[in-house]
Amino acid sequence: MAGRAVVAAGYRQILWVHQTKDRGPQRTYTYYEERLAGLSGATRGCRIEDLAILPENGLPWREFAARLDRKTAVVACSYGQATIAALMAASAGLVPGRDFAMVCCDELAAWKYHWPNLARSSFDRFELGRAAARMMLQRLTRPKAKQSVEASHV
């Protein structure tokens, strides 16, 4: 969702901000890889640069700021990276939404209150669970003959 939004807004230069280690037993989390795969698939033809925000690297705010301009969209893998990216940009006097675009592949309910203008992908997992439960209950209450007819048309 974030990648499609970036492309729809006209950005072709993307800075992927994440917290992925490329070595060691705690190399990465699955959702980082899944989000990067989704971003790459949705932004074919765009240039994607990589920035891992890791404690051992410090906060390279000067290098980060040098990579930003109005043609660049920062895509933060999660809330933590979005927050750190905004702080690093602020250290250089840059503001998301004014000096560069930023979107986050994550959402927290609290953002409605403390960061409402951050563009982010949203997926209501609770509603998905409710919809799945409704579908299962409907399936259980239907006669068997009708279920098999419907299944053959799927």
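Taken from CZ in R130 to CZ in R134, the straight-line distance is 7.5 Å, to the nearest 0.5 Å. Rounding to the nearest 0.5 Å places CD1 of I48 at 11.5 Å from CD of Q13. Between the CE atom of M135 and the CD atom of Q138 there is a distance of 8.0 Å, given to the nearest 0.5 Å.
F64 has its side chain out of reach of R62: every pair of non-hydrogen atoms, C-beta onward, lies at least 4.5 Å apart. For the pair M88 and L51, the minimum side-chain heavy-atom distance is below 4.5 Å. With contacts defined as side-chain heavy-atom distances shorter than 4.5 Å, the pair V17/V75 does not qualify. Looking only at side-chain heavy atoms (C-beta outward), F100 and D69 stay at 4.5 Å or farther from each other. With a 4.5 Å cut-off on side-chain heavy atoms, R47 and R12 do not count as touching.
Cluster membership for L15 and I84, using ILVMFWY side-chain heavy atoms within less than 4.5 angstrom, is shared. In terms of hydrophobic clustering, with Ile, Leu, Val, Met, Phe, Trp and Tyr side chains grouped at heavy-atom distances under 4.5 Å, I53 and W61 are assigned to a common cluster.
For G3 against L39, the heavy-atom pair with the smallest separation is CA-CD1, 3.7 Å. Summarising the geometry of Y11 relative to K71, their closest heavy-atom pair is CD2-O, 3.4 Å, with the distance given to 0.1 Å. Heavy atoms only, all atoms of each residue included: A82 and M102 are closest at O-CE, 3.6 Å. Considering all non-hydrogen atoms of both residues, L94 and R98 come closest at CA-NH2, 4.4 Å. Shown here for G93 and D99, the closest heavy-atom pair between the two residues is O-OD2, 3.8 Å. For C46 against V7, the heavy-atom pair with the smallest separation is SG-CG2, 4.0 Å.
Put simply, the side chain of S40 never gets that close to the backbone of A37: no donor and acceptor are under 3.5 Å apart. A donor-acceptor pair under 3.5 Å is absent between the side-chain atoms of T72 and the main chain of L68, judged by distance alone. Counting only distance, with no hydrogens or angles, the side chain of R35 and the backbone of C105 share a donor-acceptor pair below 3.5 Å.
The local environment of CZ in R4 is sparse, with at most 12 non-hydrogen atoms from other residues, nucleotides or ligands closer than 6.0 Å.
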